[in-house]
Every structure is written in structure tokens, then in C-alpha cells.
Amino acid sequence: MSETASKAPGAPASSGDANRWKALVFIALAQLMVVLDATIVNIALPSAQQDLGISDGNRQWVVTAYALAFGGLLLFGGRVADLWGRKRAFVVGLIGFAGASALGGAATNEAMMFGARALQGVFGALLAPAALSLLAVMFTDAKERAKAFGIYGAIAGGGGAVGFILGGVLTEYMDWRWTFFVNIPFAIVAALGAYFVIREPEGGRNRNPLDIPGVLLSTLGLVALVYGFTRAESDGWGDSVTVGMFVASVVLLIAFVITEAKVKAPLLPLRVITDRNRGGIYLSLGIAIIAMFGTFLFLTYYLQIVKGYTPIKTGFAFMPMIVGMMVGSTQIGTRLMTRVPARMLMGPGFLVAAIGMLLMTQLEIGSSYASIILPAMLLLGLGMGTAFMPAMSLATLGVEPRDSGVASAMVNTSQQVGGAIGTALLNTIAASATTTYIADHIGSATSSSQQRLVQLQGQVHGYTNAIWFAVGMLVLAAVLVMVLVNAGKPDTSAVAGSAEGVEDEVAVPVVAH
């Protein structure tokens, strides 16, 4: 294993090596498709709900069915990629995702829609870790790795915002069904390209038998956790089922950790997460995503409901964030990643994003887009792009090749769980503040227009209260990075923890050149 890894950077360029930049195009395309899907459906949801007769109580399942399947099966998908081979898992994931998207676009009732979304989540859980782990094993030279992960990080961060634009265009000018059908050409091109171009390095398979108890415990534990937060948003934190889900999740995940420490071939080798650098990355990314996901949702509602923007105008309003992410990831992150330690990019990156978020706490009904939202989005994108790029790279650096799939899955798991927590927690904070504000001010409103004004003011008050919490989350993420992540510059030192034994043998030749 270590011999294979150590020879990779200095080996003669094979046809696979020569094609790695072409392969990156198709890997990035697949990642864009998965990230787009997380937000593109949000824009189309009101139209789809009306067409399919989905009740207000059930509409959350369009989002929740995807989140539960994707979040619950990520670790399993990552290990399957290690076992099958990443290329095979990647292509199967793409084909399955395309089929599920076709089913969603053709949906005639809510059951068909929910089933299609769950299937998208299943295949997404196979596709996402396979994509990231392919990059991890194909790009081992530090400077090339910086460029590759810069592109990947920009797509992972900015793709969600692109989804708002594409969702707005498709919903307004075509039909909500095209927010599903658009995935099909993405998937076909990426699958064909991957099949003919990607040459996965040899020696990275994990031939151990699948850890079935680990699969069951992790899947059920993560599903319970994600569903608990989703239910808390709709039914409240004191709801008996919500509390039951959180208790079940804690019990299942503790049992999972105990199991993984004892079995011979664990689903998630604890060495992957006990390294302080990787553990710090997973934790800080999850916390930063809590802030990001809730804010996306609030801004969408603010622009459409309070400011009266159309779906397409709302989508284009997110452009400064995309530009900021592209610059932060491909220019700042890529250029500095081999010159400074990762924490010196991630910590300041999260703080710049926090400043952008801080600007958004000043939102009022009459706030102008140019004075508050535009600079806030630029800073948010710039900061997150700068932080995402080294995070994506460091989370898989120094891992044994046979563990790269499950290490990549942990990146996605931290983001998915962070997204579920962020949406539920920030929505709860916003709803509570809105209710209190309206109750305190509605009595003085005598006409229907004044009552409408108070309701809108209450909504904005709720959003800004929740955004203050998001600012705190980003500052916490920055502190955790500075405290936990101690990896040096990737071209001068190994980043694998010294306690990881065999990984140290792999880490030095993979990183240094």
C-alpha cells in the first residue's frame, strides 16, 4: 500500500495520469449536479406543490426525503466506493441519479415525487464520496492538488447559489419539472467522460468484508439525527417524536463508535476521525454549514416575499456570492495553499464570511440590495471559498488510499448534518422571534395594510435574529480551526497524525515532492 502511494508522485505519467485534468472536468460536473440539486428544487417547490396537490404539511418531504437518504447513507456509500472501486461507484451513482431525476420530473403525485427524491439521495450518497475520493487518489502532487481542490471547492461552495439561478430560469420560463430533467444531460456527459477518461490508481481498494452492523448503526443513527432536526423545525423541539429521534440517534451513534473500535474491518476506521486535523475539519465545516444553509433560505424568502423579486431575479441576486466563492477558492486558496498552513486560510476565511453575515443583520424592509446584500454576499462567498478549498483537500490528505472513500464521505456527512441542523435551528430561532414581534406590534395596526406591514417587519426581525446566531457559528468555526488544525504547509510536511501508525508511511511521500 505505502509503496504504491509513495511511487505515485514521481512515477512516469501513464495514460491515466495524463488524463487526470480531463477527469477533473467530469468529476466537477458531477459534483455541480449534486450540489445544484440541493437548492434548485427549493425554487421550484411552490410550483411543484401546486401541480401535484402536495399539502403544506407534507411539502417538507420533498426536501427531507432527499436529506434523509443522502445523509444516512453517505458513510455506507463511501465504503462501497472503497470496496467496488471509486470509478465504478462514481459511474453507477451518476446513472442512478439520472434515473431518479427522470422519475422526479415525470412525477404525477406526491408519493412518486417523495420516492424519486429519496432515490436521488441514495445515489447521491454513492456519487459524492466517490467523486471526492477520486480527486484524493489522482492528485498527489501538492501544487496540482491545490489547483484541483480549488476548482472542486469553488463548485462545492458556489454550486448551491448557481442552483438558485438555474432554478429560477427553469421555473419561470419552462416548467418546474425541468429542475429535475436538467440533471439527466449532466449525468450522461459525466458518466461517459468518467468511463473513458478516469484511470483509478491501482492498489487503493479495500477488500475487507463489509461491516454490516456498522452500516446499520450508522445509517439508522444519522437518519434519526437528520429527521430529528427536520421534525424540530415543523413540530417543535419539545415534540415527543423529535425528542425520541434525538435520543435514538445518540444511542445508535454511541453503539456505532463502540462497534467500530472492536470489529476487524470497520465501516469507519476511527483513525480517520481521531486525527486532530481531519477531526477539526469535519467539525468546523459542519458548524460553518449550519450558518450557510439557514442564510440561503432566509435570503430567498426575504428577496421574494419582502422585496417582491421574481424567482429568476432572486437567482441572479446570488451572483455576487458565486463570484466571491470562485475568487476565494481558485485564486486566494489555490495560490496560498502550498505557502501557508491550512488554518491560516480557513480561520480568516470563516471570519471574513462572518463579517459578511454581520452586514446582513442590518436588513430591514426598505434595505437596498446594493448597500447591504451585495457586499454581504461578496464577503460571504469570498470567505467561504477561501476556507472550503483547503478544507476539502486536508480532509482527505494523509489518509490511506483504502480509506479515502469513507474519509471523503465524512466531509459530505459533516456538511449534510450541518445543513439539517442549520435549517431547523435557524428556522426555529427566526419563527420564534417573528411570532414575538408580531404579537407585540399587531395591536397598534388598525388597517389591513398596517397589519401586513407588521407581519413583514416581523419576518425580517426573525431573519436578522437568526442571522446573528449564524455569525456566532462562523466565529466558532474559525476558533475551532485555529485550535485543532495544526497541519503545516502541504509541500513541506505530512499532515497525518503521528498516532496513525501506517498512515505516516503513506503521508510523507504523497504530500512532499
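Heavy atoms only: backbone and side chains are in, while hydrogens, waters and symmetry mates are out. Counting begins at 1 with the first residue of the sequence.
In this pair, F246 and W237 present their aromatic rings parallel. The plane angle is below 30°, not in the 30 to 60° band.
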Check your understanding: After noting the C-alpha distance and the side-chain angles of M357 and L380, does the key distance pass the side chain to side chain contact (heavy atoms under 4.5 Å, CB included) rule?
Key -> CA-CA 7 Å; M357 202 74 82; L380 192 59; 3.8 Å; yes

Exercise for review: Assess whether side chain to side chain contact (heavy atoms under 4.5 Å, CB included) is satisfied between L94 and M33, documenting all intermediate values.
Suggested key: CA-CA 9 Å; L94 281 166; M33 181 186 72; 3.8 Å; yes

Exercise for review: Show the numbers, then the answer: is there a side chain to side chain contact (heavy atoms under 4.5 Å, CB included) between L285 and F388?
Suggested key: CA-CA 8 Å; L285 264 186; F388 264 43; 4.0 Å; yes

Check your understanding: Do M113 and V62 pass the side chain to side chain contact (heavy atoms under 4.5 Å, CB included) test, and can you show the C-alpha distance, the side-chain angles, and the key distance before you say yes or no?
Key -> CA-CA 7 Å; M113 169 62 76; V62 177; 4.1 Å; yes

Review point. Can you list the steps and then say if Y302 with F298 is a ring-ring contact (aromatic ring centres under 6.0 Å, His included)?
Key: CA-CA 6 Å; Y302 174 80; F298 296 145; over 10 Å; no

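Closest non-hydrogen pair, I429 versus A466, comes out as CG2-CA, 3.8 Å. Taking each heavy atom of A433 and H461 in turn, the nearest pair found is O-CD2, 3.5 Å. Nearest heavy atoms, R343 versus V485: CD-O, 3.1 Å. Residues A342 and P390 approach most closely at CB-CB, 4.2 Å, considering heavy atoms. Summarising the geometry of K87 relative to A194, their closest heavy-atom pair is CE-O, 3.4 Å, with the distance given to 0.1 Å. In this structure, P320 and A317 approach most closely via the heavy-atom pair CD-O, 3.3 Å.
For the pair W84 and R79, the minimum side-chain heavy-atom distance is 4.5 Å or more. Using a 4.5 Å heavy-atom cutoff, the side chains of F256 and L268 are in contact. Looking at heavy atoms from C-beta onward, L126 lies out of side-chain contact with V122 at the 4.5 angstrom threshold. By the 4.5 Å heavy-atom criterion applied to side chains, S414 and I289 are not counted as neighbours. Side chains of T386 and V352 form no contact here, defined as non-hydrogen atoms less than 4.5 Å apart. Using a 4.5 Å cut-off on side-chain heavy atoms (C-beta onward), I332 and L382 make contact. F139 places a side-chain heavy atom less than 4.5 Å from the side chain of L24. Proximity of F76 to L73: side-chain heavy atoms (C-beta onward) are separated by under 4.5 Å at one or more points.
Not one N or O on the side chain of S329 forms a donor-acceptor pair closer than 3.5 Å with the backbone of M326. In this structure, S133 contributes its side chain and A130 its backbone to a donor-acceptor pair below 3.5 Å. Without hydrogens or angle criteria, N277 side chain to N486 main chain gives a donor-acceptor distance under 3.5 Å. T219 places no side-chain N or O within donor-acceptor distance of the main-chain N or O of L216, the cut-off being under 3.5 Å. Of the possible polar contacts, none joining the S432 side chain to the T428 backbone as a donor-acceptor pair under 3.5 Å is found. Of the possible donor and acceptor atoms, none in the side chain of R278 sits under 3.5 Å from a partner among the backbone N and O of I273. Side chain of R276 to main chain of V483: a donor-acceptor pair is present (N/O by atom type, distance under 3.5 Å, no hydrogens or angles). At distances below 3.5 Å, at least one donor-acceptor pair connects side-chain atoms of Y282 with backbone N or O atoms of A407. Looking only at distances, no side-chain donor or acceptor of E260 sits under 3.5 Å from a matching main-chain atom of P269. For the pair T242 (side chain) and G238 (backbone), a donor-acceptor distance under 3.5 Å is absent.
With rounding to the nearest 0.5 Å, the separation of OG1 in T434 from OH in Y463 is 7.0 Å. Rounding to the nearest 0.5 angstrom, the gap separating the CZ atom in F318 from the CE atom in M377 is 4.0 Å. To the nearest 0.5 angstrom, F229 atom CZ is 13.5 Å from M245 atom CE. Distance check: M321 CE to I373 CD1 gives 10.5 Å after rounding to the nearest 0.5 Å. Atom CD1 of residue I27 and atom CG of residue L134 lie 4.5 Å apart, to the nearest 0.5 angstrom. For the atom pair CG (L474) and CE (M292), the distance works out to 8.0 Å, reported to the nearest 0.5 Å.
By the 6.0 Å contact criterion, CE on M344 is open, its count of non-hydrogen atoms from other residues, nucleotides or ligands being 12 or less.
Separation of the W61 and Y227 ring centroids falls under the 6.0 Å cut-off.
Test D211, L217, T259 against L267 for side-chain contact (heavy atoms from CB on, under 4.5 Å) and you get one pass: D211. Partner of S249 under the side-chain contact (heavy atoms from CB on, under 4.5 Å) criterion, out of V226, V223, L225, L222: L225 alone. Partner L74 forms a side-chain contact (heavy atoms from CB on, under 4.5 Å) with one of V417, V406, T413 and no other, that one being T413.
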